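Here the structure is a predicted model, which is why all the values come from computation and not from measurement.
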Amino acid sequence: MLISTEPDVIRLLADPIRARIVDLLADGALCTCHLVDDLGAKQPLVSHHLRALREAGLVEREPHGKFTYYRLRPDMLRATATRLTDLADRAAGNADVRREC
């Protein structure tokens, strides 16, 4: 895995529904019913994607009465952004480097 070691955040966010969930959660905690409405997807599908994001450490859940809210954990996104920035800096610094055959 090139970008992140555990979990592969780029691979997770390549899925359009997961990317949209992360985008929605960037504005604050939401419960599954909010995400189902906003995504126009079925509840089992949303729950499946939330589980994958939760297991990856990108979101955390917090019980609130009879509902469960999900909140984005920005530290994982920052770590991935830092890794991508480091790769871009390295590529820029080595733009004229060519390995001889």
Side-chain angles (χ1 to χ4, degrees):
M1 289 184 234
L2 199 180
I3 304 306
S4 57
T5 52
E6 266 185 64
D8 190 353
V9 175
I10 297 297
R11 182 186 55 79
L12 283 169
L13 295 180
D15 182 281
I17 293 176
R18 289 182 191 144
R20 181 73 177 125
I21 289 171
V22 167
D23 186 57
L24 290 167
L25 293 177
D27 293 327
L30 297 170
C31 75
T32 307
C33 61
H34 296 130
L35 292 167
V36 166
D37 288 344
D38 291 349
L39 294 167
K42 304 261 187 216
Q43 185 272 329
L45 180 63
V46 172
S47 292
H48 166 76
H49 288 297
L50 283 169
R51 183 179 66 241
L53 292 168
R54 193 178 72 249
E55 289 174 353
L58 286 171
V59 300
E60 58 190 10
R61 60 181 167 184
E62 51 186 63
H64 186 73
K66 65 179 184 172
F67 299 101
T68 300
Y69 278 75
Y70 292 87
R71 180 176 303 285
L72 190 60
R73 292 189 55 217
D75 54 325
M76 288 293 288
L77 292 173
R78 283 193 184 105
T80 302
T82 298
R83 180 68 179 131
L84 287 170
T85 300
D86 291 347
L87 284 171
D89 291 346
R90 198 168 94 205
N94 293 318
D96 295 329
V97 174
R98 181 172 308 160
R99 184 174 164 183
E100 295 297 325
C101 293

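When all heavy atoms of V59 and Y70 are compared, the pair lying nearest together is CG2-CD2, 4.4 Å. Nearest approach of A29 to R71, heavy atoms of both residues: CB-NH2, 3.5 Å. Scanning all heavy atoms of the two residues, the minimum distance from R20 to D23 falls at NH1-OD2, 2.9 Å. Smallest separation of non-hydrogen atoms from T32 and S47: CG2-OG, 4.1 Å. Residues A41 and V36 approach most closely at O-CG1, 3.2 Å, considering heavy atoms.
With values rounded to the nearest 0.5 angstrom, H48 atom NE2 is found 7.5 Å from D15 atom CG. Rounding to the nearest 0.5 Å gives a distance of 6.5 Å between CD1 of I21 and NE2 of H49. Distance CG/L50 to CG/L58: 11.0 Å, rounded to 0.5 Å. Y69 OH to L35 CG: the interatomic distance, rounded to the nearest 0.5 Å, is 10.5 Å. Within the model, atoms CZ of R78 and CE of M76 stand 13.0 Å from one another, a figure rounded to the nearest 0.5 Å. Interatomic distance, I17 CD1 to L45 CG, rounded to the nearest 0.5 Å: 4.0 Å.
Proximity of L53 to L25: side-chain heavy atoms (C-beta onward) are nowhere separated by under 4.5 Å. Side-chain contact between L77 and V22 is present, with heavy atoms from C-beta onward closer than 4.5 Å.
Remark: side-chain polar atoms of R61 are not paired, donor with acceptor, to backbone N or O of T68 under 3.5 angstrom.
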